[in-house]
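Encoded as structure tokens, the structure appears first; notes follow it.
In what follows, every chain begins at residue 1, and chains take the letters A, B, ... in the order their sequences are listed. This one's a predicted model, so the numbers in the text were calculated from it and none came from an experiment.
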There are 2 protein chains.
Amino acid sequence: MAGVSTATVSRVLNEPERVSAKTRSRVEAAVAHFDYTPHFGGRALASNRTNTVGAVIPTMENAIFARGLQALQEALAEDGVTLVVATSNYDPEREAQQIRALLGRGVDGLVLIGEARDPALYETLERRGVPFVLVWSWRRDCPWPCVGFDNRAAARAMAQKVLDLGHRRIAMIAGVTHGNDRAVARVDGVRDALAARGLRLDETNLIETPYHLDAGENAARQLLSVTPRPTAIVCGNDVLAAGALLAIRSMGLSAPADVSVTGFDDIDLAYVLDPPLTTVHVPHRRMGAAAARLLLRLRAQEDNATSVVFETALVERGSLAPLGK
Amino acid sequence: MAGVSTATVSRVLNEPERVSAKTRSRVEAAVAHFDYTPHFGGRALASNRTNTVGAVIPTMENAIFARGLQALQEALAEDGVTLVVATSNYDPEREAQQIRALLGRGVDGLVLIGEARDPALYETLERRGVPFVLVWSWRRDCPWPCVGFDNRAAARAMAQKVLDLGHRRIAMIAGVTHGNDRAVARVDGVRDALAARGLRLDETNLIETPYHLDAGENAARQLLSVTPRPTAIVCGNDVLAAGALLAIRSMGLSAPADVSVTGFDDIDLAYVLDPPLTTVHVPHRRMGAAAARLLLRLRAQEDNATSVVFETALVERGSLAPLGK
DNA sequence: GTCGCCAATGCAAGCGCTTTTATTTTGATT
DNA sequence: AATCAAAATAAAAGCGCTTGCATTGGCGAC
């Protein structure tokens with residue numbers, strides 16, 4: 001209809017500046033007239049790019065990932081890149097499957113949560129030359145590009161705060177540590193702080209449990225049923241902490257008068273609870289956006305593509321109080 | 001390596017039963033050996049299918065969509081279909097863009113939230129022959145396949161309950177109704193119930209606001225600053241209700257003693273609040289799964305592909321109490 | 001006016017797969 | 001052993017696009 005070859009149409013669509021204004025407008029008119037959309041498969045085949053990046057997250061049901069993804073997606077969209085999301089449900093096996101599935105779909109980049117992962121998987125990624133970014137965790141000397149924060153240091157700071165307020169009988173409800181370096185780091189951080197005061201987390205005051213409300217509730221009930229009971233419960237995330245508050249309430253106790261509780265992540269939930277949660281603020285949205293930028297740089301082979309570490313902040317609200325207050 | 005043609009490899013991958021066991025195992029060995037994955041673009045081009053469906057949701061930050069998507073994705077994955085998610089941020093314009101973007105990516109199905117949408121968009125969808133399913137809302141005689149529930153009836157039942165408990169000064173914090181039929185239906189439902197008792201929602205006791213915690217808080221503060229103040233606030237969703245509880249607390253009032261509050265959706269949040277929210281339970285996960293099944297049926301041109309309506313249930317918790325109690 | 005040069009466009013060769021059609025192999029039957 | 005049908009496999013033609021290279025045409029310099 002525009003009287004030009006397909007090559008010119010292709011150029012109008014992909015590199016409009018290489019086509020004269022006159023021809024371009026003719027082609028654009030034809031495109032509009034037929035409501036033409038390029039065939040994705042043809043495009044992908046010929047150019048060997050899909051303009052798609054994949055992300056594998058544990059679950060969408062936790063607000064932190066939802067937020068991070070939202071930001072990631074928005075930042076990618078600015079560069080015309082689509083995000084495909086898969087979930088692993090915190091199962092390393094399933095995560096590997098999902099990564100392979102995404103590779104099979106021709107993603108030209110991947111965003112993965114955390115670092116703990118079968119080396120063979122990293123090998124596959126490198127061999128295929130698919131750029132990837134690890135998010136949510138960060139440690140010095142991590143060999144891969146990552147955008148995250150120091151989970152261990154943040155947890156340590158929180159535990160230190162609890163100790164500073166006079167607490168000595170401290171328990172922890174952690175996430176499942178298998179295949180989850182963030183959960184591991186948070187436990188380690190708490191252990192660090194306790195160890196510095198000659199205390200330790202033994203198995204009666206550390207429970208590992210899935211990141212669910214009722215799991216947190218059950219764990220707290222169990223921790224609080226020993227005598228003497230802990231005066232503070234440090235939780236691996238805000239959802240577990242919310243569960244702990246439920247348990248405390250249902251046992252006829254009160255937070256923070258009888259038991260202090262701390263969370264991790266600072267999702268909206270933390271703010272609406274009563275008492276509001278003292279927790280660790282994590283800049284999820286900013287991390288998502290930073291991950292997008294880093295991935296786009298890696299894809300473009302830019303050399304300023306380096307890992308980014310974010311700071312966390314302790315947010316003091318009502319759920320943590322000095323001992324004996 | 002397996003000494004066969006590419007045609008046979010293709011068959012091993014797509015219709016293994018059409019290949020003899022001996023050849024198949026040779027091919028599979030070669031596939032495993034080279035860690036071969038078919039090229040997505042080639043596949044899409046030749047077969048004209050992508051095994052991808054798209055979903056456009058308002059936001060991932062609301063747990064209801066996150067949950068629904070999770071279920072949707074899991075159900076689709078069972079049939080080897082990948083889900084691509086885009087967000088519109090409750091903006092009809094942006095939703096249209098995202099739908100077109102997904103079509104451009106060659107999705108072979110779409111999941112859309114609600115029914116309110118430019119007719120031209122529906123036309124495009126039909127013309128392209130891309131099957132789609134509307135979720136989250138449902139009404140009798142909806143001309144398109146949908147999987148949802150009757151928002152209006154559910155809201156009406158909730159308002160009726162509030163009335164039954166003696167409340168007469170009833171206010172509502174609704175979601176933004178522009179381009180959001182669920183928000184509209186929920187307001188209409190409340191109006192229905194009030195009208196049946198000769199009451200109405202005028203502009204001083206109806207505020208429309210984005211589905212955010214602080215928006216809910218501000219709206220509630222405004223509603224409660226008139227004299228005489230409402231004795232019950234019906235909210236368009238649980239997040240708004242959580243915000244309302246924050247406002248009540250910060251104004252030195254108490255729920256439900258001074259003001260009752262109701263929510264909608266029954267997300268986890270509703271349960272952990274203090275007082276826990278009286279709300280409308282919506283089976284988000286089941287809807288997501290049902291949407292997946294319906295879409296797969298439509299795609300396969302099965303004739304038993306019909307809309308599904310779910311029942312909602314009123315969940316009575318502490319935030320709603322009889323007037324004067 | 002002629003020549004070069006560059007910008008604009010066309011030509012045509014794939015990209016890696018699926019699928020129809022043709023061919024070969026297999027194995028049962030005579 | 002010969003025959004034939006059925007099953008298994010190979011051959012080859014695209015699918016719709018991108019892109020390197022060839023061609024064209026317009027314009028300034030001589």
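- Using a 4.0 Å heavy-atom criterion, one finds that A:Gly3 contacts the sugar-phosphate atoms exclusively.
- A donor-acceptor pair shorter than 3.5 Å can be found between the side chains of A:Arg105 and B:Thr82.
- Looking at heavy-atom distances under 4.0 Å, A:Ser10 makes contact with a base.
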Exercise answer: donor-acceptor pairs, residues 283-297 of chain A side-chain atoms, under 3.5 Å, sequence neighbours excluded:
{"unit_1": "A:His284", "atom_1": "NE2", "unit_2": "A:Asp265", "atom_2": "O", "d": "3.2"}
{"unit_1": "A:Arg285", "atom_1": "NH1", "unit_2": "B:Glu61", "atom_2": "OE2", "d": "2.6"}
{"unit_1": "A:Arg285", "atom_1": "NH2", "unit_2": "A:Glu74", "atom_2": "OE1", "d": "3.3"}

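- Residues from residues 14-28 of chain A lying near DNA chain D, meaning a heavy-atom separation below 4.0 Å, are A:Asn14 in numerical order.
- Between B:Val27 and B:Val4, the closest heavy-atom pair is CG2-CG2, 3.8 Å.
- Contact annotation for A:Val9: no contact, since no heavy-atom pair falls under 4.0 Å across all strands.
- For the OP1/OP2 pair of D:dT18 and a distance below 4.0 Å, the side-chain nitrogens and oxygens of A:Arg43 include at least one atom meeting the criterion.
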Just the table, please: protein N/O against nucleotides 4-7 of chain D N/O, every pair under 3.5 Å.
none

Taking only N/O atoms, report every protein-nucleotides 24-27 of chain D pair under 3.5 Å with atom names and distance.
none

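- When rounded to the nearest whole Å, the span between CG of A:Leu45 and C1' of D:dG14 equals 12 Å.
- Note that the first and last nucleotides of DNA chain C, 5' to 3', having any atom under 4.0 angstrom from a heavy atom of chain B are C:dG16 to C:dT20.
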Show me the side-chain donor-acceptor pairs of residues 14-21 of chain A shorter than 3.5 Å, one per line, residues at least two apart or across chains.
{"unit_1": "A:Asn14", "atom_1": "OD1", "unit_2": "A:Arg43", "atom_2": "NH2", "d": "3.0"}
{"unit_1": "A:Asn14", "atom_1": "ND2", "unit_2": "A:Ser10", "atom_2": "O", "d": "3.0"}
{"unit_1": "A:Asn14", "atom_1": "ND2", "unit_2": "A:Ser10", "atom_2": "OG", "d": "3.4"}
{"unit_1": "A:Ser20", "atom_1": "OG", "unit_2": "A:Thr23", "atom_2": "N", "d": "3.4"}
{"unit_1": "A:Ser20", "atom_1": "OG", "unit_2": "A:Thr23", "atom_2": "OG1", "d": "2.7"}

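- The shortest side-chain heavy-atom distance between B:Ile99 and B:Thr124 does not fall under the 4.5 Å cut-off.
- The distance between atom CG of A:Asn51 and atom C1' of D:dC17, rounded to the nearest whole Å, is 14 Å.
- Residue contacts for B:Phe40: at a heavy-atom cut-off of 4.0 Å it reaches no nucleic acid atom on any strand shown.
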